[in-house]
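Remember, it's 1-based here, ligands and their atoms both numbered in the order they're listed. As the structure is a prediction and not an experimental result, all values here were calculated from the model.
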Amino acid sequence: MRYKSIDKELFETNRKNLVKELKSNALVVVNSNDIMPTNSDGTMRFRQNSDLFYLAGVDQEETVLVLYPDFHDKKYREVLFLRETSELISVWEGHKLTKEEAREQTGIETVLWVSEFPKVFNMLMVMGDVEHVYLNTNDHYRAEVSVESRESRFVKWCLEKYPLHRYERLAPIMHRLRSIKSKYELDLLQQACDITEKAFRRVLKFVKPGVIEYEIEAEFAHEFLRNGSRGFAYEPIIASGANSCVLHYIENNKPCGDGDVLLLDVGAEYANYNADLTRTIPVNGKFTERQKQVYNAVLRVQREAFKLLKPGEKYFEYHKEIQKITESELIGLKLIDKKDVKNQDKDKPLFMKYFMHGTGHQLGLDVHDVGNMYHKMRLGQVWTVEPGIYIREEGFGIRIENNVVIEKNGVYDLMKNTPVEVEEIEEIMNS
Ligand code: GLY
Ligand code: MN
Ligand code: MN
């Protein structure tokens, strides 16, 4: 692990909170992710299933967690199955968790090798008085997954082998629980944000006309890795000039031009938690008057957004408010006309040409974290606030994105120390 070990109390509390949400005589299974293949014998870097990490804190493939809080024998109320290590594995792949280490790390007493899973699972399924079997599915509203995960293979296998059990969806419960961040989680998110801030400050001093976008990407990677991050939380967007208007630009292969803006949408991962920062900066260290005008308009929208976020707020109503505020900024920037706005087609509002994405999303173990967007906002949720204005006809776009915690009387900005004012950005770039 690159990160400092996490207090197992986090995972113990998470399991306790899950158990409170279950029906009586319930059995829960959560699988790890697979190591995904690339080509020939190549593999992608392992990324743990977020629910499994949330409940057990194990960062290893071929792990299964089974919870059966009402089972007769206490020994099997929480069971963790692990890939059995061997001399050969330790020579080729290095250290894997021992049972003792897993107990220490997770707070789960019963740790077995995964080869024992079918037998033990069968015993629990037929010798308990199971009434509800909770299985996990990827129910993220934006997920478009074309490969079969270990979890979905398991669901198929389980339904075929035990067709008459009663199954329940685990996902809505996990979404509800994971969407509220505990103190431990907020600390981890803060660390991801702090590493991101460090890298951004480094980049402010590095950027000048002629540097290539991927050189800037390398600066971020360097600073992330040397601070205990495993790297980028998501594919970084390093977009100069006109590409700052391409919302998901990830080629990052153009030289940065004198007089252009550079949009950086980059976050560090830390201990499986993610930061999601966007800053837009002038390549040559000084915004033009027009760039500054648009930049400050976006910054004002962000500050208005901060004021609106509070427990009880509904995302889609808040987003509508932000669209309205952006609309009036666009009028101020003379990009749209007040009279035309009055007569606009309600289904095709004019602001959409310049602000066409959401105002934010929840953030945590996933970058676009789980949590129902229709539900009211709640204390302890973490949201990104990311307004933008993209002016294709002028060849530049501005987005500013911070990560905030919903508190009783407003928000706590996890990125409050990351430079955002025009003057501060220019000053650092020219120092
Ligand atoms: N970087 C992805 C996002 O801002 O949602
Ligand atoms: Mn982002
Ligand atoms: Mn975001």
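Of all the heavy atoms of T384, none lies under 4.0 Å from any atom of ligand 1, so neither backbone nor side chain is involved.
In E386, the N, O or S atom that comes nearest to the Mn ion (ligand 3) is OE2. When distances from the Mn ion (ligand 3) to the N, O or S atoms of D276 are compared, OD2 comes out shortest.
Within the structure, ligand 1 lacks V367 among the residues with a heavy atom less than 4.0 angstrom away.
Using a 4.0 Å cut-off between a side-chain N of Lys or Arg and a carboxylate O of Asp or Glu, R202 and E223 qualify as a salt bridge. For R279 and D265, the salt-bridge test fails: no basic side-chain N is under 4.0 Å from an acidic carboxylate O. Here K324 pairs with E327 in a salt bridge; the nearest charged N to carboxylate O distance falls below 4.0 Å.
A donor-acceptor pair is defined here as one N or O able to donate and one able to accept, closer than 3.5 Å; such a pair exists between the side chain of E215 and the backbone of I212.
For ligand 1, the atoms sitting less than 4.0 Å from at least one non-hydrogen atom of E401 are 4 (O), numbered in the order shown with element in parentheses. Atoms of ligand 1 lying under 4.0 Å from at least one heavy atom of H368, given by number and element, are 2 (C), 3 (C), 5 (O).
Within the coordination shell of the Mn ion (ligand 3), defined by N, O or S atoms under 2.8 Å, H361 is present.
Taking the six-membered ring where the residue is Trp, H140 and H368 present parallel rings, their angle staying beneath 30° rather than reaching 60°. The aromatic rings of Y162 and H165 sit perpendicular, their planes meeting at an angle over 60°, well past the 30° parallel limit.
The residue from R83, Q60, R150, R47 that alone fulfils the side chain to side chain contact (heavy atoms under 4.5 Å, CB included) condition with S32 is R150.
Here the angle centred on the Mn ion (ligand 2), running from OD1 of D265 over to OE1 of E401, is 110°, rounded to 10°.
Scanning all protein heavy atoms for the shortest distance to atom 3 (C) of ligand 1 gives D276 OD2, 3.3 Å.
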